[in-house]
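Keep in mind that the numbers below use all heavy atoms, side chains included, and drop hydrogens, waters and symmetry copies.
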Amino acid sequence: MLKYDPLACLPSSEELPDSDDTPVDNELQDLIPGLLKVLLAMAWPERMDWFFGVDMGIYYDPDLPPIVPDGFLSLGVERFYDENLRPSYVLWEEKKLPILALEVVSKTYRGEYSTKKAEYARLEFLYYVVYNPFRRRKPRLEVYKLVNNVYELHDGNPVWLPEIGLGIGIERGTYLGVPREWMYWYNQQGQRFLTPEEDKKLAQQEVQQAKQKAQQAEQKAQQAQQKTQLLRERLRSLGIDPDSLT
């Protein structure tokens with residue numbers, strides 16, 4: 001873990017650039033981390049001790065440029081600073097190293113399996129996740145955990161992350177109207193958290209099912225009432241007062 005001199009005059013997050021100003025060359029590099037951030041807010045609605053950054057600079061040395069993962073998760077920090085939110089993530093202010101870094105590989109290789117992986121290991125990020133949507137012969141999702149300063153690949157999909165209390169994996173779904181393979185968080189039973197639109201659709205289906213059940217119950221009640229009326233009329237035709245039977 002990197003250490004800093006608390007007496008040193010270090011720049012604040014407001015004084016540092018918030019990213020490396022490198023444009024993404026694949027929309028998924030924004031959408032996938034954005035989805036993971038949205039799902040965390042749904043999975044942890046009451047928690048305020050986490051932060052998920054998307055294309056945000058992480059400053060670990062005042063004399064070096066930041067590293068900028070496509071996404072990263074930090075636990076044990078304030079979720080919000082104020083209404084202006086975080087301009088960047090500065091380790092000597094946060095005093096918490098991100099627990100997970102995410103890279104989404106584009107058609108332009110940027111060292112996700114070599115230099116970036118080595119850098120995250122050197123900085124001691126516990127988990128390093130790489131998603132390559134263009135792979136065909138190798139797994140598109142790789143989840144590494146730092147063990148004795150070396151990243152070890154964890155098999156499976158999803159992969160359970162006990163230190164986070166969630167699993168991470170990929171499967172087909174719909175987000176922003178786009179049906180394709182997305183990355184999701186999962187609970188311990190291996191069930192993925194639904195996207196907002198999937199959750200809304202499920203809620204609408206449940207409301208519709210409840211209406212149908214209510215209609216069916218009403219129809220049954222009407223049918224029972226009709227049968228009772230027919231029975232009363234039949235008794236009267238036989239000279240029997242149905243009210244005398246109660």
Side-chain angles (χ1 to χ4, degrees), residues 1-2 11 13 16-40 51-74 86-91 94 96-147 149-159 161 164 168-173 175-176 178 180-185:
M1 177 65 180
L2 299 177
S13 57
L16 295 166
D18 58 3
S19 74
D20 58 1
D21 293 324
T22 301
V24 298
D25 55 4
N26 187 321
E27 193 175 8
L28 292 177
Q29 290 174 285
D30 278 335
L31 293 182
I32 287 177
L35 172 57
L36 290 175
K37 185 172 186 175
V38 168
L39 293 179
L40 275 180
F51 176 73
F52 194 92
V54 178
D55 192 31
M56 176 181 286
I58 301 175
Y59 285 88
Y60 59 93
D61 189 314
D63 297 321
L64 295 174
I67 54 172
V68 187
D70 291 324
F72 68 89
L73 173 64
S74 190
R86 282 176 173 83
S88 57
Y89 193 91
V90 181
L91 289 186
E94 306 283 354
K96 280 288 183 177
L97 190 70
I99 193 170
L100 178 147
L102 166 68
E103 293 289 351
V104 179
V105 181
S106 68
K107 290 185 178 180
T108 303
Y109 180 64
R110 301 177 300 162
E112 288 86 355
Y113 297 104
S114 55
T115 55
K116 286 191 174 184
K117 181 181 173 184
E119 183 74 353
Y120 293 129
R122 185 180 70 85
L123 294 174
E124 299 181 7
F125 284 41
L126 183 60
Y127 288 105
Y128 177 50
V129 180
V130 188
Y131 174 59
N132 187 340
F134 305 103
R135 273 188 166 182
R136 295 295 177 265
R137 297 184 178 180
K138 293 184 178 181
R140 292 184 296 281
L141 177 68
E142 293 186 353
V143 180
Y144 296 90
K145 184 175 183 179
L146 195 66
V147 178
N149 299 316
V150 177
Y151 276 129
E152 292 185 355
L153 180 63
H154 281 226
D155 295 327
N157 179 37
V159 176
L161 314 175
I164 297 176
I168 195 167
I170 53 175
E171 66 177 271
R172 291 195 66 85
Y175 177 54
L176 298 179
V178 181
R180 58 155 287 121
E181 184 177 80
W182 294 100
M183 189 177 298
Y184 302 94
W185 298 109

Worked check of side chain to side chain contact (heavy atoms under 4.5 Å, CB included) between Asp55 and Val68
CA-CA 6 Å; Asp55 192 31; Val68 187; 3.4 Å; yes
Under the side-chain hydrogen bond (donor to acceptor under 3.5 Å, both in side chains) rule, what do Ser74 and Tyr89 come out as? Steps first, then yes or no, please.
CA-CA 10 Å; Ser74 190; Tyr89 193 91; 2.6 Å; yes
Stepwise salt bridge (Lys or Arg N to Asp or Glu O under 4.0 Å) check, Glu142 with Lys117
CA-CA 12 Å; Glu142 293 186 353; Lys117 181 181 173 184; over 6 Å; no
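For the atom pair CD1 of Ile99 and OH of Tyr127, the computed distance is 6.5 Å after rounding to the nearest 0.5 Å. Expressed to the nearest 0.5 Å, how far CD1 of Ile58 lies from CD1 of Ile67 amounts to 4.5 Å. Note that CD1 of Ile170 and CZ of Arg180 are 9.0 Å apart. Values are rounded to the nearest 0.5 Å. Ile32 CD1 to Met183 CE: the interatomic distance, rounded to the nearest 0.5 Å, is 5.5 Å. Atoms OH and CG, from Tyr175 and Leu31 in turn, are 6.5 Å apart once rounded to the nearest 0.5 Å. Rounded to the nearest 0.5 Å, atoms CG (Asp30) and CG (Leu35) are 12.5 Å apart.
Taking both residues in full, the closest heavy atoms of Pro69 and Met56 are given as CD-O, 3.9 Å, listed atom of the first, atom of the second, then distance. When every heavy atom of Tyr184 is checked against every heavy atom of Gly173, the shortest pair comes out as OH-CA, 3.1 Å. Looking at every heavy atom in both residues, Ala101 comes nearest to Phe125 through CB-CD2, 3.6 Å. In this structure, Asn149 and Ala121 approach most closely via the heavy-atom pair O-CB, 4.4 Å. For the residue pair Ser88 and Val90, the shortest heavy atom distance occurs at OG-CG2, 3.7 Å. For the residue pair Leu28 and Pro133, the shortest heavy atom distance occurs at CD1-CG, 4.0 Å.
Between Pro158 and Trp185 there is no side-chain heavy-atom pair separated by less than 4.5 Å. Looking only at side-chain heavy atoms (C-beta outward), Leu123 and Leu91 stay at 4.5 Å or farther from each other. Inter-residue side-chain proximity for Leu161 and Val143 is flagged as met; some heavy-atom pair is nearer than 4.5 Å.
Among Tyr113, Tyr120, Tyr131, the single residue meeting the side-chain hydrogen bond (donor to acceptor under 3.5 Å, both in side chains) criterion with Glu103 is Tyr120.
Residues that satisfy the side chain to side chain donor-acceptor pair (under 3.5 Å) test with Tyr128, not counting sequence neighbours, are absent from this structure. Every side chain to side chain donor-acceptor pair (under 3.5 Å) that Glu112 has, sequence neighbours left out, goes to Arg110.
Note on Glu119 versus Arg122: salt bridge recorded, some NZ/NE/NH1/NH2 to OD/OE distance being below 4.0 Å.
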